[in-house]
Every structure is written in C-alpha cells, then in structure tokens.
Amino acid sequence: MVTNGQQSSLFQLSSISKAINSAEAPLKEKHARRIILGTHREKGAFTFWSYALGLPLSSSSILSWKFCHVLHKVLRDGHHNVILQDCMRHHSNIVETGQLWGNLHDRYGQLVALYAKMLCTKMEFHVKHSEIRCNLEVTDEVLERVAGTDVNNVFQVTVEVFDYLDTELRLAETVIRQLNTSSTISTMTSGQCRLAPLIQVIQDCSHLYHFSVKLLFKLHACLPPDTLQGHRDRFHDQFHSLKTFFNKARDMQYFKRLIQIPKLPDAQRYITQLKSQINSLEAELEEQRVQKQRALVENEQLRMELEATRRRNAEHESLQASFGEAEQRAQVTEQRYNKLKEKHTELVSSHAELLRRSADTVKMLSVTQQTQEEVERTKQQLAFEVERIKQDADMKVEEQKFEILKLKREFEEKRAELERVKGTLHSNEKVGEQLTSSMSALQAEKERLMRSVSDKEAELSSLRQAAQLQQSSLQQERERSTKELGELQGKLKEKVSQDSEQLKQKLLDEQFTLLQGTVSEAESIIQDAVAKLDDPLHIRCTSSPDYLVSRAEATLGSIDKVKSGHSEYLTNMGDAGGLLRALTQFSHLTADTIINGSATAHMAPTDHADRLTENCRGCATQSLQFLKDLKSKASLQRADPASIRVVVQKILMLGKELRPKGMDVRQDELGDLVDKEMAATSAAIEEAVRRIDEMMNQARKDTSGIKLEVNERILNSCTGLMKAIHLLVLASTDLQKEIVEGGRGAATIKEFYARNSRWTEGLISASKAVGWGATQMVESADKVVLHTGKYEELIVCSHEIAASTAQLVASSKVKADRNSTKLTALQQASRRVNEMAASVVASTKTGQEHLEDKNTMDFSGMSLIKLKMEEMESQVKVLELENQLGNERLRLGELRKKHYDIDNGLASVPTSVAPPSPNPTKPSIMRKPALAQKPNLPPKNMVTV
C-alpha cells in the first residue's frame, strides 16, 4: 500500500517532469503549484533537486531555460528551507549551467546565462539577509531592521539592492530585445515560453524598486547630497529601464490576463520627487500580497478537501458494504453510551447508599471492558478501516472510565456534604423534620436509581451479546479478506509483469524523443550557420586559416564521437546519453567550422574562396541529411557521418593551403627561437617601462599644471599596461612549458617544437607582435608628451597591443588543457591587458579633451547673409571630411588586403631572424609582423565583424 507521503512525492515528480521539458511552450501553472506545495509538504526541495540533477541541461537550452523558470518560482513561493538549505547546496551547478550556455551560440543560450546569474544573485542576497523572504514581501519595519542604523551598512545594502535589480532588468531587456528582432509575438507559444518568467521578474522588480526608494531616503537623511550623486545616477538609469520594461510589458497581450503591472510616474529627475508615489505603490503591493495569500490559502484548502474526499471515498467504497452492519452497531453502542452518561450525571444528589450500587456498576463495567478488550484483540487482524472502528470503541470506553471517576468524586463530595448535614442535625433539632422529609425524598430517588441500574444491567447484557455477534462476524470477515488477499496478490503479479513491459517501451520512446529534440536543436544550429553565409553583414567577417584548421580538426574529432555514440545507441536504445552529448558538441563545432570557413574565404584568393564556400555548404547539406536520418526510426540504422568527414577533410586541406608558409628557419632551431623571442619580448617590455619612467621624470621637470597632470595620467596608464603585458608574457611562458612537458612524451623539447612547427611559428609571430606593440607604444607616448605626435597614435597602439595579446593567448590555448590552472592564469592576464589598454585609451581621450581649446562660438555680430554663407561653408567642410573619411576607409581595406597577399608570398623569400641584442638597454624598433601571422581573433574564439 502506497503511503500518503510516497503518493505526494510521486505527484511532485510527475509535475516536475511535465514542467521541465524541451518543448518551446510556457510553463503550466498547475504543475508549478504542485511543485511549490510539495516543498511545503516536505519542508524543503529534496525531491525537486533529486530530479533536477539528472536533467540533461547541457543538451537543450530550452530545457535549461524552463529549469531556471521553475527554480525561480520555487525560490519565490516555496518553503523557506528551499534557499537556506537545499538550493545553496547546488549553487555551483547553476553557475556552471550559466557559463556553459553563455559560451555557445544559441537562441536561448544567452537568456539562460543571464537567468542563471540572476538566480545566483537572488540566492546570495537572501542568504545574506535571511529576514527578507524570497518573494520580497516584507514590511518597511523589516527593511529598516535589515538596513540598521549604521550608515555604512545602509550604503552596502543599497548597492546590493541595485545589483539585484540590475540582473533582473538585464534579463527582461534581453528577452524583449530577442522578441523584437525575431518574428515571434506574445500570443505564440514560442514567445510565451520566453515571456512566462518575466511575471516573476515584474514582481521582483516592483519590490526592489520600493526597497531602493526607501533606502535612498534613509541615506539622504544621513549623508550630504554630493556623496550620493553616484547612487542617484544609478537609480535614475534603473528607473528609466524599469519604466520602459513595464510599458512594453503592459502593451503585450500575454500579460494583460496574468498580472497587473504597476505604473511608474512620468518624470524622475530628483529622488525627492518619489515620495508621492510610495503610498500608491505600497497599496498596490499590499493588495497583490493579500490576493496572492488568499488565493494560495483557498487553493490549499480546496486541494486538501479534495484529497481528503478522495481518500474517504476510496476507503469507504471497498468496505461500505461489508462493514455497514458493524457501523450501525457501533452507532447504537455510542447512543447507549451517551444515555448511560446522561444517567450518570443524575447521581450528583444520590444518597450514601449509592456507593454499593456504584461499586456494582464498576464491576459490571469492568466485565464489559474485558469483553471489549477481547473484541479489540480480534479487530487488530482486520484492515485499516476496522482498526478505526476499534479506536472509536476504545475512546468511548475511556470516556466511560472518566465519567465513572467523575461520579466517584462527586459521590465523595456529596457524602462529605451529608456528613456536614448530619452534624447540623445533631446541633439543631429544629431542622430535623426538614431533614426527615429530605431523607424521604432521597429514599425515593434511591429507589428510582436502583431501577435505573437494573435497566443498565439489561443494556449491558444486550451489549455483551452484540459484542459476541460482532466477534463472529469479524472472524468471518477475516477469512473472506484472506481469500481476497490471495486473489489480489495473483492479480498484482500479473499487473507487475505487464507494467514492466510498458515501462520498458516507454523508456525507449522517451530516449528516442530526447534524441529527436537534440537532433532538431542541432539542425537549427547548423541552419542558422548556413543562413549567415548569405547574410550581407557576414561579408565583413574575417578569420585566419590557422583558426579554421583548429575548428576543422575539432569537428573531425566530434564526428568520431558521434559515430561511437550512434553505435552504442543502436546496441542499447535505452540509453541515448552518449549520442546526445556527441550531437550537441558536433552541431556547435560544425556550425563554427562553416562560419569560420566562410569568414576565411572572404580574405582568400578567388579560387580557394569559391572552393571553400562550396565545401562549407556541402558540409551543411551532409550534416542536415545525417541528422534527418537520425530523426526517423526507419533510417536510424543506416545513418552514417562518413560523408560529413569527407567534406570536413576537404575544408581542413583548404585551410592548410591558405596558411602562411612561415619563416625560413630550420625546424631543429624552432625551440631555441621560441625562447629567444620570448626573452627578447620581455627585454623590450622592461626597456619600455624604463623609458616611460624617464619620460615621467622629464615631464615633471618641463611641464606643470594641467599639462603635467595629463602627462602623468597617460604615462601611468602606459606603465600599468606594460606591467600587465609583462605578466602576460610570463604566464604564456609558464603555459608553454606545461604544454611541452605534457605533450612531448619521450621526445626532446626541440623535437616537440619541430613536430608542431605551425604552432611554434604562431607563438613566435605572436611574441614578435607583442614586442613590436610595446615598442610602438613607448614611441607614441614620447611623441604625445613632447607634443610632436597625435593622441590618436597612442589609441591605435593600445588597440594593436590588445589584438596582439589576443593572438598570443589564442596561440597558447590551441594545445593547452582546458582545466589547466596556468591557462586560467593566462586568460586572467589577458583580461588585465585589455583593461589596462582601455585605461590608456580613456586617459588619452580625457587628456585630449582637457588640453584642446574649446572657444565659445559667437555669432551675434553677423548678418543674415553672413550667417548663411558660414553655414554653407560649414556644410562644404562636412562633405569634404566625410568624403575623405570614406576614401581613407577604402584605402585601409586595400592596404590590409595587399598586406595579406604580400605575406602569403613571403614563403619563397628567406627571412633571417636576428638574435636578441646582448645589451637590452636600447633595443631597436622591431618590424611589425605580417597581418596573416597575427589573426584578428576575439577572446572567445568568435568571428569578428
């Protein structure tokens, strides 16, 4: 028999499986409500997480999106232990899911990354401030208590609320932007799948907006306005974003029947203008809170009543016919006990002689109790319903005992009162006659009670006979139940055998359904990649042959995994996990190869470009045909990715043909050359730092005032950039050593470099590019400080250094282990270089703005004709500058193209590599490396536009 707890867990698991699936449709509210009630019933989210941890979140972005939606609802309305004990235990799983989909090109991937970040922020906030519930419905007194009286704590809580609101708004803005850029509308299921989580976002944002207003009031009461200017600016930005979000959501048909969206005021220039809106917002929030609480209570009551009614119906339908007579007898017994209770209450005024009669009654009741206990021992062998009848009878016997004890106490009280009356009779003879008359009345009452006891004896005799009859009927019922139990066991065995076959077939169908969903998602990814080949915006995208080769090699490896997973699935069709993971990786890598192949073709010769584009389309066609075969059970057996392998190998060969031929250096000298170039780069960076320090000291001597401040700011940012580049070179050297030690095996270091000559040449080119950029940065900074150069040169050098470091990181990552700590250190150093390059650009632009003369234009003395002539001359200059800008852009494009063509021809020209100078104090300016040796790659292996 399934207990109530087990049945509720099964209902909850069924609701979770129906709520979290890969169908692009909104979450049904009844499933979410059952999941939430399950957390309250078990006081936690153990059942939810036991199922959620087994979901294939990495195979479907829609599945991950709906998982985040259900988790958001559970956090808001579930039991308070959900966040404090259960969800924080799986915080890292949520972070990993967000990071996974944030790095992939997918329609829902970016949304999942933002949603996961928002959920982590929400959990961290409520764990830190446990007094604020996850649905954010707290009074102002609780908010005041959380903020405290310390202004530093209030300041920190305000920043955390701002961060909390930022994550909510970023998620909402991204969802609405995706809907606006696609053909999806809010009345379609695909649109509602994206919009459904915004209901909880609207609820969170309305409360967080109220918190930020309250906290800003509290801060303005403690701190001067100038100190809080940053808080006010951030609040104004959030207010405008929130108002825009609410207005757009209010215009959507989907939200009109689901939630009442709060209205924000039209203008918010100063924080003090918000006071007039607090009362209306609090009223709306309170109304929503009351309505929600009332609805939850009513739903819970209805559900409990419905479940109780079902249980009662299930219990009574099977036993109503067989135990109807027993229930009638129990009712008759209960009525007789009630009569006995009423008659016992009349013994309050009984005579002292009733003690003997009461003792006789106790004897008879004890005999009745013994008989009842025998009946109870017999009832223990029956089912749950008979047990309940026995418990009712026991309760009635206990009531009899209690009444008898009560009668005994009352009798003792009356006897004591009678003694007092007798004493009064001895002391006062005048009252004797009255006592005699009262004794006569008591005697009459005694006779009446004796007759009542006789009646009770007759009733007890009839009850004893009824108990014997009931015992015999219960014995017969037990024998019948034993016979029925044997029949039910036989039927149960037969049912179990049938259900096992059905479950096995259901498992096979579910695995094939998951395979179809994954294949459909893979088709969508590849089709999206093919669509970009004809996209006019994609024509501006470029990629390097080296990166295309790395993508094609990775795709070939994924094809092997797909083939292995396909064989395993055909062997055991009850487990499609290996094939699903392989298809997910295959689809992303194939799409990446197609896109990068097309981007590489944009900078390749015409013949290679046409062949490369044709093979990219052929790869997409063969991949879609293979995926089509996997979707059908009829063609599943003959699905073979061999044709895809042939096309990808052609793309790989074309990429290798387009690779630059490299430097005319003996392969056995490559290992020494890498170390020399790394050492030369480090020396160039150290020399650059030294020269910047000298320029700093000279600038302090020659300049003062605003010029000195601008020069110090620019040179300090350049020094920080050089130090970051130095750390990057050290991290790259450490990672390079780790790669060599891990990959060379029994070979020597030189043999490893010779065997991987292309990779080694890429490292050498990247190192040269970094050293050249550092040297050019110093020269440009020197010219800017001496006012002989342009600020734009320094900005261009900063961008060039950022691109060069990206090349060095990309070259190092090709053979590095993804879990390597030294790779992580290199990536962190690269991000630091990008930050410092941005700092150089910012300080340069700021200094340029401070030093430029901005004369006020005065046109008050000009006539109408003169103003018109000046306007025409200004328009002529604008057109001339625009024409010059367009010509320069065309010239830049031709220069880059010519640079690429010349670099491809360097294969036939021997290039001598000069050893580094032994005196690193004044290194010569290095030649800028060829463009093909320094591909323009973004930090995350994406094609740039």
Side-chain angles (χ1 to χ4, degrees), residues 15-33 35 55-57 59-73 101 104-116 118-119 168-205 241-242 244-261 513-532 534-535 587 591 624 627-628 631:
S15 301
I16 296 172
S17 63
K18 293 178 181 177
I20 306 176
N21 52 54
S22 58
E24 193 173 8
L27 171 66
K28 291 187 178 180
E29 198 63 31
K30 62 179 182 179
H31 298 153
R33 184 168 56 252
I35 296 172
L55 291 173
L57 299 181
S59 63
S60 174
S61 55
I62 298 178
L63 186 70
S64 302
W65 173 253
K66 299 181 81 170
F67 162 74
C68 294
H69 185 191
V70 174
L71 179 58
H72 194 180
K73 295 182 74 69
W101 287 109
L104 300 177
H105 305 285
D106 188 82
R107 295 173 296 172
Y108 280 87
Q110 189 66 24
L111 297 180
V112 173
L114 293 174
Y115 211 160
M118 186 272 286
L119 293 175
E168 300 269 0
L169 291 175
R170 278 199 295 269
L171 175 62
E173 290 170 356
T174 306
V175 171
I176 293 178
R177 184 169 63 252
Q178 282 196 6
L179 289 179
N180 292 335
T181 55
S182 63
S183 59
T184 307
I185 58 177
S186 63
T187 56
M188 298 173 61
T189 55
S190 59
Q192 293 175 1
C193 183
R194 289 186 176 95
L195 292 174
L198 296 190
I199 296 176
Q200 286 72 45
V201 173
I202 292 172
Q203 295 172 343
D204 288 348
C205 288
S241 299
L242 183 60
T244 303
F245 167 45
F246 280 0
N247 291 337
K248 291 182 179 179
R250 195 177 292 109
D251 295 336
M252 292 183 181
Q253 187 66 29
Y254 175 70
F255 293 111
K256 292 183 178 179
R257 59 185 180 85
L258 296 176
I259 188 172
Q260 182 179 0
I261 302 175
T513 302
L514 288 175
L515 176 60
Q516 288 181 322
T518 305
V519 169
S520 300
E521 189 68 21
E523 289 178 340
S524 176
I525 293 172
I526 296 176
Q527 290 170 356
D528 183 59
V530 175
K532 289 184 179 179
D534 300 326
D535 191 352
S587 60
L624 292 176
L627 294 174
K628 182 179 178 182
K631 290 179 68 175

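- In this structure, Lys73 and Arg33 have side chains that are not in contact, with every pair of non-hydrogen atoms separated by 4.5 Å or more.
- Under the 3.5 Å distance criterion, with hydrogens and angles disregarded, a donor-acceptor pair is assigned to the side chains of Asn247 and Arg250.
- Side-chain atoms of Lys248 and Thr244, non-hydrogen and from C-beta on, do get closer than 4.5 Å to each other.
- Across every non-hydrogen atom of Arg194 and Val175, the tightest pair is O-CG1, 3.7 Å.
- Of all non-hydrogen atoms in Thr181 and Gln178, the two that sit nearest each other are OG1-O, 3.1 Å.
- Scanning both residues, Cys205 and Leu242, for their nearest heavy atoms gives CB-CD1, 3.6 Å.
- Inter-residue side-chain proximity for Ser587 and Glu521 is flagged as unmet; no heavy-atom pair is nearer than 4.5 Å.
- When every heavy atom of Leu198 is checked against every heavy atom of Ala172, the shortest pair comes out as CD2-CA, 3.8 Å.
- With contacts defined as side-chain heavy-atom distances shorter than 4.5 Å, the pair Val112/Leu57 does not qualify.
- Closest approach of Cys193 to Trp65, counting heavy atoms only: O-NE1, 2.8 Å.
- Taking the side chain as every heavy atom from C-beta outward, Ile259 and Gln203 approach each other to under 4.5 Å.
- Taking the six-membered ring where the residue is Trp, His72 and Tyr115 present perpendicular rings, their angle passing 60° and hence far from 30°.
- Residues Ile202 and Phe245 meet the side-chain proximity criterion, which asks for heavy atoms closer than 4.5 Å.
- Across all their heavy atoms, Val201 and Leu171 have their closest contact at CG2-CD2, 4.1 Å.
- Taken from CG in Leu195 to CD1 in Ile176, the straight-line distance is 7.5 Å, to the nearest 0.5 Å.
- When side chains are defined from C-beta on, Arg177 counts as touching Thr174, because their heavy atoms get closer than 4.5 Å.
- Within 6.0 Å of NZ in Lys30 there are 12 or fewer heavy atoms belonging to other residues, nucleotides or ligands.
- Side-chain atoms of Glu523 and Leu624, non-hydrogen and from C-beta on, do get closer than 4.5 Å to each other.
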